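Since the structure is predicted, the reported quantities are computational estimates derived from the model, not experimental observations. So that the names make sense, note that chain A is the first sequence line, chain B the second, and so on, each numbered from 1.
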2 protein chains.
Amino acid sequence: MDAEELSKTIIEFYEKLTTWEDGVVKDSGLTTSQNHAIEIVGHEGAIKMRKLADKLGVTTGTLTVSIDRLEKKALLRRVPHKSDRRSYLIELTEKGQKVFKMHHNHHLNLTREMMTDFSEQEQATLYQSLKKMMEHF
Amino acid sequence: MDAEELSKTIIEFYEKLTTWEDGVVKDSGLTTSQNHAIEIVGHEGAIKMRKLADKLGVTTGTLTVSIDRLEKKALLRRVPHKSDRRSYLIELTEKGQKVFKMHHNHHLNLTREMMTDFSEQEQATLYQSLKKMMEHF
DNA sequence: TCGAATAACTTGAATGTCAAGATATTTGAA
DNA sequence: TTCAAATATCTTGACATTCAAGTTATTCGA
């Protein structure tokens with residue numbers, strides 16, 4: 001297999017996902033960055049600002065502003081940390097949960113759609129390949 | 001294969017690529033958006049503003065500003081269109097070519113790195129799977 | 001106990017983005 | 001041919017994202 005060709009195809013696939021995701025996010029009235037925050041809080045559950053900033057790959061200053069806006073939209077909230085009064089836990093509101101689940105389902109539908117022509121065996125192979133590639137990050 | 005699990009893994013893989021790409025781009029002194037423009041011009045060759053805007057998924061107003069900045073960095077230039085005086089062709093400068101090739105090689109290296117544990121057969125299967133998934137966009 | 005480290009917030013500057021409108025040019029129909 | 005409509009790009013104003021640098025409050029550790 002030619003590495004050039006494979007590299008090009010991986011990038012192409014990545015670009016397609018990005019375009020799809022941008023479209024889905026825009027329809028939900030959120031920005032990409034806001035959606036990303038909701039995704040992580042949805043998957044991780046209550047999480048500290050510091051840890052969330054690291055996962056998003058932004059500074060805490062950036063995150064403060066970002067959480068301000070999401071809190072204003074009533075999608076998540078700051079809850080004072082029980083044992084550290086400098087800190088907050090960020091968690092989804094009910095409205096935030098709904099948005100998260102909606103987005104989660106969109107992804108699930110896309111996966112099912114993409115898998116229509118895959119045999120059970122092919123799906124398993126793809127799954128293992130993705131896992132194997134991720135070992136290199 | 002559980003669609004939930006597969007969906008989760010695809011997203012995970014996508015996130016890893018994003019983080020990797022962000023790091024590479026940041027090291028090059030460009031923004032993600034600027035890099036994206038260079039990628040497309042590098043792959044497509046001389047291209048009209050209108051077409052480039054469509055491929056980037058932004059308005060022409062956004063692109064004008066973006067190209068202004070890249071022109072100031074001497075990475076690409078506007079060349080008047082031969083038969084349509086309203087229009088320009090955007091092309092890479094030599095410096096832009098270098099940046100493009102560098103980035104291209106980074107991707108190639110990543111692909112080779114990810115493929116280290118893949119047999120020839122596995123690589124071909126992955127390639128076909130990616131192609132097949134992309135038919136659904 | 002107290003200085004260093006840590007968590008989050010604030011501010012200022014740069015960039016990205018869109019919508020709406022402006023300008024120049026091309027196109028197509030009368 | 002002529003001219004209104006379409007097209008290509010640019011401009012402007014408003015807002016979001018982001019970082020760096022600096023601030024405040026609290027916790028930690030020697």
Checklist entry - How long is the span from the OH atom in A:Tyr88 to the CZ atom in A:Arg77, to the nearest 0.5 Å? => result 15.0 Å
Checklist outcome for this item: When rounded to whole Å, the CG to P distance for the pair A:Leu63 and C:dA7 reads 13 Å
Checklist entry - Within a reach of under 6.0 Å around NZ of B:Lys132, are more than 12 heavy atoms found that belong to other residues, nucleotides or ligands? => result yes
Checklist entry - For residues A:Gln121 and A:Thr125, is any side-chain donor paired with an opposing acceptor at under 3.5 Å? => result yes
Checklist entry - D:dA16 phosphate, OP1 or OP2: any side-chain N/O from A:Arg69 under 4.0 angstrom? => result yes
Checklist entry - Is any side-chain heavy atom of B:Phe13 less than 4.5 Å from a side-chain heavy atom of B:Thr9? => result no
Next on the checklist: With a cut-off of less than 4.0 Å, is there a side-chain N or O of B:Thr64 near OP1 or OP2 of D:dT9?
Outcome noted: no
Checklist entry - Given atom CD1 of A:Ile67 and atom C1' of D:dT17, what is their separation to the nearest angstrom? => result 13 Å
Next on the checklist: Expressed as a whole number of angstroms, how long is the span from A:Leu52:CG to C:dA8:P?
Outcome noted: 9 Å
Show each protein N/O and nucleotides 22-25 of chain C N/O combination with a separation under 3.5 Å, one pair to a line.
residue : atom : partner : partner atom : Å
C:dT25  : O2   : B:Arg86 : NH1          : 3.3

Next on the checklist: Do B:Ile47 and B:Lys55 have side chains that approach each other closer than 4.5 Å (heavy atoms only, starting at C-beta)?
Outcome noted: yes
Item to check | Between C:dT6 (P) and A:Lys51 (NZ): distance, integer Å | outcome: 17 Å
Checklist entry - Is any side-chain N of the basic residue among B:Lys48 and B:Asp54 closer than 4.0 Å to the acidic one's carboxylate O? => result no
Checklist entry - Yes or no on side chain to side chain donor-acceptor pair (under 3.5 Å) for A:Glu15 and B:His36, after CA distance, side-chain angles and deciding distance? => result CA-CA 10 Å; A:Glu15 296 284 343; B:His36 201 184; 3.1 Å; yes
Checklist entry - Quick one: B:Arg50 CZ to C:dT26 P, roughly how many Å, whole number? => result 18 Å
Next on the checklist: Heavy atoms only, 4.0 Å cut-off, all strands: where does B:Ser87 land among base, sugar-phosphate and nothing?
Outcome noted: sugar-phosphate
Checklist entry - Hey, can you pull the residues of residues 29-37 of chain B with a non-hydrogen atom under 4.0 angstrom from DNA chain C? => result B:Thr31, B:Ser33, B:Gln34
Item to check | Atom pair distance, as rounded to whole Å: CG in A:Leu56 and C1' in D:dC19 | outcome: 15 Å
Checklist entry - Atom CE of A:Met49 to atom C1' of C:dC9: distance rounded to whole Å? => result 8 Å
Checklist entry - So which one's nearest nucleotide on DNA chain D is more toward 5', B:Lys26 or B:Arg78? => result B:Arg78
Next on the checklist: Is the shortest side-chain heavy-atom distance between A:Ile10 and B:Leu17 below 4.5 Å?
Outcome noted: yes
Checklist entry - Among all residues two or more places apart in sequence or in another chain, which pass the ring-ring contact (aromatic ring centres under 6.0 Å, His included) test with A:His106? => result none
Next on the checklist: Please report the distance, rounded to the nearest Å, between CD1 in B:Ile38 and P in C:dG16.
Outcome noted: 11 Å
Next on the checklist: Measuring to OP1 and OP2 of D:dT9, would you say a side-chain N or O of B:Thr60 lies under 4.0 angstrom away?
Outcome noted: no
